[in-house]
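Note that this is a predicted model, so its numbers are computed, not measured. Every chain is numbered from 1, with letters handed out A, B, ... down the list of sequences.
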Amino acid sequence: MEYVNPEGLRLDGRRFSEMRQIVAEIGVVSKADGSALFEMGNTKVIAAVYGPREIQNKSQQKIDRALVLCEYSMAHFSTGDRRRQKNDRRSTELSLVIRQTMEACILTELMPHSQIDIFLQVLQADGGTRSACINAATLALADAGIPMRDLAVSCSAGYLNSTPLLDLNYVEDSAGGADVTVGILPKLDKVTLLQMDAKLPMETFETVFALASEGCKAIAERIREVLLENTKQLEYRRGAA
Amino acid sequence: MVMRKLELPLSQTQKVRFERAIERLQSLSSTANSDTSVIVTGSIPVNHEESFLKGHGTSEVDGELLATVCGVVERVDKLVYVRTLRARYKAETGDIVVGRVSEVAQKLWRVELNCTQDGVLKLSSMTTTDDVQRRRTSADELNMRNIFVEDDVVCAEVRTIQRDGTLELHARSHKYGKLEKGLLLKVDPYLVRKSNHHFHYIESLGIDLIIGRNGFIWVGEHVQVRDPMMVDDQKSDTYDADREQIHTSLETRQSICRMGNAIRVLANLGFTVTLEVIMETANLSNSKNIDIHDMLGSEFHVVVAESEAERRRAKRQK
């Protein structure tokens, strides 16, 4: 199948290094300490953060830092055919991956004896849910006022028809080519997540990786805008004394 | 523009009016203080030639001072810190807080305070019934449930904050203790300002208002003298029976609900919650003949936003 036509356009009309439209919104779950909605094209994720709060399972308590828990779930209606299982292996793996990524950027040592819960719900899945979840979680954590080293942002890239492609959608993702998901800390310039589910030659990997990092930086820019706007809004509504 | 949406259906005119009010608030505040909002990893400008102290919410990376939370940069002498907005309550000794008992443990109660951990109220930091200073006996310990049980709302003061973040409370005064016959409202702690008075008695309505620093606000019927805590079982029964007979009048209950809804509206809009503003909002709803259950509707939200803009403008002109 042809994923990039001779004019250099992809199936959904994007160019190889073009991202899908991003929509980010803060404060969508009113009872949560922090929450966010993140959309990348047709992929749509809601993140809710609770905490830092009193630990629920005392045996898991950490004396020197906070416990970070993460739950990823896909809505039954998020894909074309109805999903039946709730706790399948894929969800468990993704919860773990996202938990590790977020734990790396939260300053957990500032909140001993407490726990932070991150809930991620995929409303629509169209490829790149992993990245969308990490971006949504970052926004929600920042909204909850949890101290972080840096904003963790993530983006995926792939390699099809000998072209590196940024931000794969579901069709491109399931084409069988390599799918590289990269998570970075843009300010500290560090990689926190790197996953690839096929083989790529070293040189090709480098270009695909570089493309994904560029994508991450673009997303980080967008996330910063949204957060700054939100912070300003909260401050001027509150008003000076 | 991205903004915290009101989860309310607004008609076209209401939307325009609301946006105009918000814009006015924005213009009022931007002239008041220059832009000091920062977000995570936003760099904070500091004069490196002079020494400075980095406070909460900051970290130094490669000689650059970065924020670790979203908020507003505050400077006090050499100290530079970031004041967070939407974050959990950060306790300070001496704060008056309102909380809900989550657990009755050995010699202590755990109190939920919207903090990173539950607060601890020790039996020994409570005044005894007979107002005598004495050691707490095992009998006292067994009678703890006569004082507070789970889900009771209590008011207390922060005694100490231990290094590991454990929060100790005390209630060594008759003004602290169990709160009954009223409403507990939860707002974001950043909307509550520290002041000298957190206990308010609104005489015209016969209502007590306690604005806890942790964002928990109590609106309840006025209690004349805080009854001493009953430890004795027998006494406690008669005491409960006495209380049952005294009904709160409908009028008082309505005023409590009106005040409660006023606070809810203010919290929804993200405006600071002070006695003055709450009273003004409640009076506004009265003067506009808005029913208590209509106060949470779109129209009243818009009206409150407009009046707040007007109020702040008037304040600035003074």
Next on the checklist: With chain B as the partner, which of A/Pro52, A/Gly145, A/Ser30, A/Ser114 has the greatest number of non-hydrogen pairs under 4.5 Å?
Outcome noted: A/Pro52

Checklist entry - Side chain, backbone, both or neither: which part of B/Glu103 has an atom under 4.5 Å from a heavy atom of chain A? => result neither

Item to check | Greater than 12 external heavy atoms within 6.0 Å of A/Tyr170's OH | outcome: no

Checklist entry - What do you reckon, is NE2 of B/His200 surrounded by more than 12 foreign heavy atoms closer than 6.0 Å? => result yes

Checklist entry - Between A/Lys187 and B/Glu64, is any pair of side-chain heavy atoms under 4.5 Å apart? => result yes

Next on the checklist: Taking CD in B/Gln162 as the centre, count heavy atoms belonging to other residues, nucleotides or ligands within less than 6.0 Å. Is the count above 12?
Outcome noted: yes

Item to check | Interatomic distance, A/Leu107 atom CG to B/Thr68 atom OG1 [nearest 0.5 angstrom] | outcome: 5.5 Å

Next on the checklist: Does atom NZ (A/Lys58) have a neighbourhood of more than 12 heavy atoms from anything else shown, all under 6.0 Å?
Outcome noted: yes

Item to check | Residue pair B/Leu85 / A/Leu234: nearest heavy atoms and the distance that separates them | outcome: CD1-CB, 3.7 Å

Checklist entry - Would you say the side-chain atoms of A/Glu54 pair up with the backbone N or O of B/Asp118, donor to acceptor, closer than 3.5 Å? => result yes

Item to check | Toward chain B, the part of A/Leu228 with a non-hydrogen atom under 4.5 Å | outcome: both

Checklist entry - How far does OG of B/Ser59 sit from CG of A/Leu110, to the nearest 0.5 angstrom? => result 10.0 Å

Next on the checklist: Quick check on A/Gln60: does its CD atom have over 12 non-hydrogen neighbours (other residues, nucleotides or ligands) under 6.0 Å away?
Outcome noted: yes

Item to check | B/Val40, part contacting chain A, at a heavy-atom distance under 4.5 Å | outcome: both

Next on the checklist: So, applying side-chain hydrogen bond (donor to acceptor under 3.5 Å, both in side chains) with B/Arg86, which one of A/Asp143, A/Asp33, A/Thr231 is it?
Outcome noted: A/Asp143

Next on the checklist: Which atoms of A/Leu188 are under 4.5 Å from chain B, going by heavy atoms: the side chain, the backbone, both sets, or neither?
Outcome noted: side chain

Item to check | Smallest separation among heavy atoms of A/Gln233 and B/Ile22, with atom names | outcome: OE1-CG2, 4.1 Å

Checklist entry - So what's closer than 4.5 Å to chain A heavy atoms on B/Val38: side chain, backbone, both or neither? => result backbone

Checklist entry - Which atom names give the shortest non-hydrogen contact between A/Pro112 and B/Asp164, and what distance separates them? => result CG-O, 3.5 Å

Checklist outcome for this item: Pair count under 4.5 Å, heavy atoms only, with chain B: among A/Pro147, A/Ala66, A/Pro186, highest is A/Pro147

Checklist entry - Is it the backbone or the side chain of B/Leu266 that comes under 4.5 Å from a heavy atom of chain A, or both, or neither? => result neither

Item to check | Crowding at CZ, A/Arg15 (>12 non-hydrogen neighbours, <6.0 Å) | outcome: no

Item to check | Exceeds 12 heavy-atom contacts within 6.0 angstrom, atom NZ of B/Lys90 | outcome: no

Checklist entry - Would you find more than 12 non-hydrogen atoms of other residues, nucleotides or ligands less than 6.0 Å from A/Lys62 atom NZ? => result yes

Item to check | Contact leader toward chain B among A/His113, A/Gln115, A/Glu225, A/Arg224, where contacts are heavy-atom pairs under 4.5 Å | outcome: A/His113

Checklist outcome for this item: Checked B/Ile39, B/Asp188, B/Thr116, B/Thr166 vs chain A; the most non-hydrogen pairs under 4.5 Å come from B/Thr116

Checklist entry - Side chain, backbone, both or neither: which part of A/Arg149 has a heavy atom under 4.5 Å from chain B? => result backbone

Checklist entry - Roughly how far, to the nearest 0.5 Å, is the CD1 atom of A/Ile146 from the SG atom of B/Cys70? => result 11.0 Å

Checklist entry - Could you state the interatomic distance from CD (B/Glu112) to CZ (A/Arg53), rounded to the nearest 0.5 Å? => result 9.5 Å

Next on the checklist: A side-chain contact here means heavy atoms from C-beta on lying under 4.5 Å apart; do A/Glu235 and B/Gln26 qualify?
Outcome noted: no

Checklist entry - How far apart are the closest heavy atoms of A/Arg238 and B/Arg312, and which atoms are they? => result O-NH2, 3.2 Å

